[in-house]
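Here is how names work: the chains are called A, B, and so on, in the same order as the sequence lines, proteins then strands, and each is numbered from 1.
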2 protein chains.
Amino acid sequence: MSKSLELTPVQTVACCSPLMSEPISTESADRIAPLLKALADPVRLRLLSLVGAHADGEACVCDLNDAFDLSQPTISHHLKVLHEVGLLDREKRGVWVYYRVNAAALADLAGLLGRGVR
Amino acid sequence: MSKSLELTPVQTVACCSPLMSEPISTESADRIAPLLKALADPVRLRLLSLVGAHADGEACVCDLNDAFDLSQPTISHHLKVLHEVGLLDREKRGVWVYYRVNAAALADLAGLLGRGVR
DNA sequence: TCGGGACATCGACGTTCATCTATGTCAGGA
DNA sequence: TCCTGACATAGATGAACGTCGATGTCCCGA
């Protein structure tokens, strides 16, 4: 045999997720589920993506409203949901309100699901 | 100019998420949201984790029922939800049913949120 | 000081969801 | 052949959710 350097390839594909290494506690599940729930909506997914991909990493609500066929209160509601779980930061400048993605919060979620890099 | 080898360091922190590089399409959002919705429940998070962390990577329903203070049909319902979106594979052997995590599906989700490593 | 525009909050309405009890299906043992 | 145990399905119920129109709040310019 060849030095047994063969790291089982199947393991490298999608292993290392904290979710798979050991059963998560009830407390962790209760803490993480609301974050996923906030993301688990097509409109909020697009909102987060629109904000994150926007120039300077921030977007004005007025820009976001135009991207959807939804009423202004509805968009405001979705932004509030994302803000309350900490995925979006909010800053008011003059008359306008700017939202910005909380990259750390998003990275935490990704780390939980995916490869446990750090 | 100096060969322009300076990759903006701030980008390497929590960038590279497909979500942040460019706005995702409505179609992508509609396709991904149900996956996140399936995960966005404390019970289903723990179920996935229990199955994934179980010996041999698979778990019998009878084992899972005991881990919760919920009725057997409720657990069966949650397993069905996870199975229908492709996060859990299902195999019946004799009287027992075994579930197994679909690592590829989970990795896809992680790749969307986190670092875009492949 | 007033008016208008940007955004949030409120209250309502229909839909979806998590959970339960009751019942069905199916495989294996007596 | 019948019974028991493992798991799924069906139907019901209360809670949570997404969306809306109406209204409130706040800032700025005239």
query: Side chain of B:Gln72, base of D:dA6: donor and acceptor closer than 3.5 Å?
result: no

So do A:Tyr99 and A:Val61 actually touch side chain to side chain, heavy atoms under 4.5 Å? yes

- Query: Looking at A:Ser76, does any N or O in its side chain come under 4.0 Å of the phosphate oxygens OP1/OP2 on C:dA8?
  - Reply: yes

To the nearest angstrom, the CG-C1' distance between A:Leu64 and C:dA6 comes to 13 Å

Answer with yes or no whether the side chains of A:His78 and A:Arg44 bring together a donor and an acceptor at under 3.5 Å. yes

Rounded to whole Å, the CD-P distance (A:Glu84 to D:dC17) equals 11 Å

inquiry  = Could you tell me if the side chain of A:Leu106 sits less than 4.5 Å from the side chain of A:Leu48, heavy atoms only?
reply    = yes

To the nearest 0.5 Å, atom OG of B:Ser25 lies from atom CD1 of B:Ile32 at 7.5 Å

Please determine if a side-chain N or O atom of A:Tyr99 lies less than 4.0 Å away from the OP1 or OP2 oxygen of C:dA8. yes

Atom CG of B:Leu36 and atom C1' of C:dC17 are separated, to the nearest Å, by 17 Å

Separation of C:dT9 atom C1' from A:Ile75 atom CD1, nearest Å, is 16 Å

Of B:Cys60 and A:His78, the one whose nearest nucleotide on DNA chain D sits closer to the 5' end is B:Cys60

Closest of D:dT9, D:dA6, C:dT19 to the B:Pro73 side chain is D:dT9

Please determine if a side-chain N or O atom of B:Arg90 lies less than 4.0 Å away from the OP1 or OP2 oxygen of D:dA8. yes

Among D:dA6, D:dC20, C:dA6, the one nearest any side-chain atom of A:Trp96 is C:dA6

Separation of D:dC7 atom C1' from B:Lys92 atom NZ, nearest Å, is 7 Å

Between CD of A:Glu91 and P of C:dC7 the distance, given in whole Å, is 13 Å

Judged by nearest nucleotide, the residue sitting upstream toward the 5' end of DNA chain D, A:Val81 or A:Arg93, is A:Val81

When A:Lys37 and A:Asp63 are each assigned the nearest nucleotide of DNA chain C, the 5'-most assignment goes to A:Asp63

| Hey, does the side chain of A:His77 come within less than 4.0 Å of C:dA8's phosphate (OP1/OP2), counting only N and O? | no

| said: At less than 4.0 Å, is any side-chain N or O atom of B:Ser71 found next to OP1 or OP2 of C:dT19? Yes or no. | reply: no

Taken to the nearest whole Å, CG/B:Asp41 to C1'/D:dC17 is 14 Å

Review point. Under a 4.0 Å N-O cut-off, is there an ion pair linking B:Glu58 with B:Arg93?
Key: yes

Per atom distances to the A:Leu70 side chain, the nearest of D:dC27, C:dC7, D:dC20 is D:dC20

| Does C:dA8 have OP1 or OP2 sitting under 4.0 Å from an N or O in the side chain of A:His83? | no

| message | So, OP1 or OP2 of D:dT9: does either fall under 4.0 Å of a side-chain N or O from B:Lys80? | response | yes

Nearest heavy-atom contact between A:Pro34 and A:Val85 is O-CG1, 4.0 Å

- prompt: Under 4.0 Å: is that the gap between some side-chain N or O of B:Arg44 and OP1 or OP2 of C:dA18?
  reply: yes

Taken to the nearest whole Å, CG/A:Leu79 to C1'/C:dT9 is 14 Å

Assert: residue with more 5' nearest nucleotide on DNA chain C, out of B:Asp69 and A:Thr74, is A:Thr74

